[in-house]
Asks: 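This is the structure I want to talk about, given as structure tokens.
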Amino acid sequence: MNDVDVLVAGAGPIGLTAAIELRRRGVRVRIVDPLLDPPQYAKAVGIQPRTLEVFESMGVLEPILDAGMEMRGQLVYVNGSEVSRIDLSTPDDVPFRFHLLPQYATERVLRDRLTDLDAEIERGVRVSAFEQDVDGVTVTLADADGGETQVRASYLIGADGAHSTVRKGLGLSFEGGAFAEQYMLGDVAVDWSMPRGYAIRAMHQAGDGTTDDLLVCIPLPGRGRYRMSMLVPDELAIGETSGGDGVAHGFEGTRTPELSHIQAVVDRLSPEPATVSDMRWSSVFRISHRIVDSYGRGRVFVAGDAAHIHPPTGAQGMNTGVQDAHNLAWKLALAVDGVAAPGLLDSYDLERRPVGEEVVGRTVRDAREGIGTDSTDVDFVTRREAQLLISYADSPFTAGSTVPGTPSAPRAGERAPDAAGLGRESVNHPLRLFSLLGGVDHSLVLYADATSGAEDVAVLEGLAAEITAAARGHMTVHVVAAPTAQVGSTDLPLLRDTEGLFAAGYRPDGSTAFVIRPDGYLGYRGPLDDAAAVLAYLRATFA
């Protein structure tokens with residue numbers, strides 16, 4: 001037996017997500033980070049609706065909501081005049097809206113959750129080298145005093161940022177480029193009258209329409225607090241990259257902006273006279289756009305900034321990384337347990353790298369042209385920015401039939417919709433499907449349509465038993481029944497689609513079996529009378 005099942009390099013939000021998800025499944029985890037203290041800067045501040053769904057599954061939703069605030073929209077000013085206003089909302093079928101929380105607060109919530117799961121971050125410790133073989137990975141750990149130790153892990157996850165040691169050790173390429181512009185950030189208070197929860201984007205444009213001065217203010221929890229970003233003045237410009245690897249991304253430079261630097265830009269561009277104060281931190285930063293040629297090789301994987309970096313436009317970076325870790329962790333847990341089918345771990349790269357490629361390309365375009373300039377469909381743009389449209393429909397680890405004549409029915413590989421308005425015996429208030437799915441194992445939802453009767457109960461229960469056995473016990477089961485379905489005698493957990501919202505969201509074609517993966521994606525859909533098809537799907541996931 002190896003010393004540990006999985007070693008995680010990096011204790012930012014991506015590494016913490018991976019460690020939490022692994023610990024929830026009983027995996028032995030070590031997580032290391034070279035920083036002696038947690039960073040206290042607001043690198044990432046936006047949390048997408050899809051990530052809130054992930055956080056609900058992880059058991060951290062309430063503290064995330066308590067510590068943050070809603071992102072309500074954006075006001076855009078050009079040469080002192082308001083030119084547009086964007087009001088953010090999500091459709092009624094989506095449980096959450098856009099949220100704002102500084103990264104250091106997000107990390108604090110995740111650290112607390114990890115502690116609850118009996119794991120702690122080893123600080124002042126970094127991965128300096130590793131070698132893998134068919135049975136595991138031998139990792140060299142270096143501490144802050146220069147000492148080295150070796151640990152044997154079954155798997156290694158590199159969530160160690162844009163200058164990732166794990167990525168370099170794997171020999172992965174990291175192709176892309178860098179923006180010529182340099183920026184500065186500051187976490188400050190401002191005394192203006194702008195509406196709460198709205199980002200402010202103020203620009204100066206020359207006569208030919210080019211932008212030569214820029215101020216972007218993202219609201220933060222707290223009275224009048226914002227993370228402000230702007231072009232860097234010449235005296236703060238930086239030369240060589242701090243990582244020594246040619247990757248010009250993130251916080252760099254030895255000089256930090258002072259309050260006067262930020263005030264000068266506010267004086268030039270603010271929509272109204274305003275004074276900034278109480279600066280918590282500031283930095284100069286650069287933006288690159290790069291992606292690896294593979295998200296993993298053998299027993300070693302990369303996630304988050306170690307795999308992809310890009311402009312912060314639309315708050316896609318941390319959220320994409322969290323979902324990288326969420327996708328990888330359940331697959332690793334099955335591999336550690338010895339029940340993963342051959343090729344399941346390869347599906348991490350197969351499913352997540354196309355997502356990374358799309359995000360890198362889109363954020364580069366959005367940084368230059370603006371969010372949503374490629375589409376006039378507001379609902380599409382909102383869902384895409386909220387990361388609700390990510391699809392693994394082409395993955396061989398999803399399968400199932402489509403619904404003839406119903407193009408809006410979610411396909412296997414797409415995000416599983418939530419469904420509110422569910423009824424249950426002994427419960428007075430309506431329930432949500434997502435709140436009932438634990439997110440640790442796969443979930444089987446058997447929909448009994450209005451024609452179902454007592455004679456169908458044995459079919460439901462027999463199919464549930466077959467599927468649970470095929471999933472090696474890693475399956476929870478619920479029956480969702482149409483209001484008039486006569487299946488009340490089943491021993492399976494029974495929910496009533498009292499308000500018809502499950503049927504509206506899932507569009508079942510008669511009585512239907514749905515398998516929802518632990519990461520919240522629909523793995524399979526098909527008719528209840530085709531047990532062979534769902535069992536064939538499960539054989540691609542479970543050994």
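Just so you know, these numbers come straight off a predicted model, no measurement behind them.
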Asks: Does R525 qualify as a cation-pi partner of F514, given the criterion of NZ or CZ under 6.0 Å from the six-membered ring centre and within 45 degrees of its axis?
Replies: no
Asks: Can a donor-acceptor pair be found between the side chains of E351 and S395 at a distance below 3.5 Å?
Replies: yes
Asks: Parallel, tilted or perpendicular: which one describes the rings of H442 and W330, with boundaries at 30° and 60°?
Replies: perpendicular
Asks: Would you kindly say whether N319 and T51 are connected by a side-chain donor-acceptor distance under 3.5 Å?
Replies: yes
Asks: Give a yes or no answer on whether the side chain of D5 reaches the backbone of V27 with a donor-acceptor pair at less than 3.5 Å.
Replies: no
Asks: We want to know whether Y348 and R353 form a side-chain donor-acceptor pair, criterion being a heavy-atom distance below 3.5 angstrom.
Replies: no
Asks: Quick one: closest heavy-atom pair of E414 and S391, and the distance?
Replies: CG-OG, 3.7 Å
Asks: Could D187 and R225 be called an ion pair, given the rule that one side-chain N must be under 4.0 Å from one carboxylate O?
Replies: yes
Asks: Between E56 and R432, does any NZ, NE, NH1 or NH2 come within less than 4.0 Å of an OD or OE carboxylate oxygen?
Replies: yes
Asks: Got a salt bridge between R362 and E385, using NZ or NE/NH1/NH2 to carboxylate O under 4.0 Å?
Replies: yes
Asks: What is the ring orientation for H289 with F179, classed by angle as parallel under 30°, tilted 30 to 60°, or perpendicular over 60°?
Replies: perpendicular
Asks: Under the side-chain contact (heavy atoms from CB on, under 4.5 Å) rule, what do F55 and V322 come out as? Steps first, then yes or no, please.
Replies: CA-CA 9 Å; F55 284 164; V322 164; 4.2 Å; yes
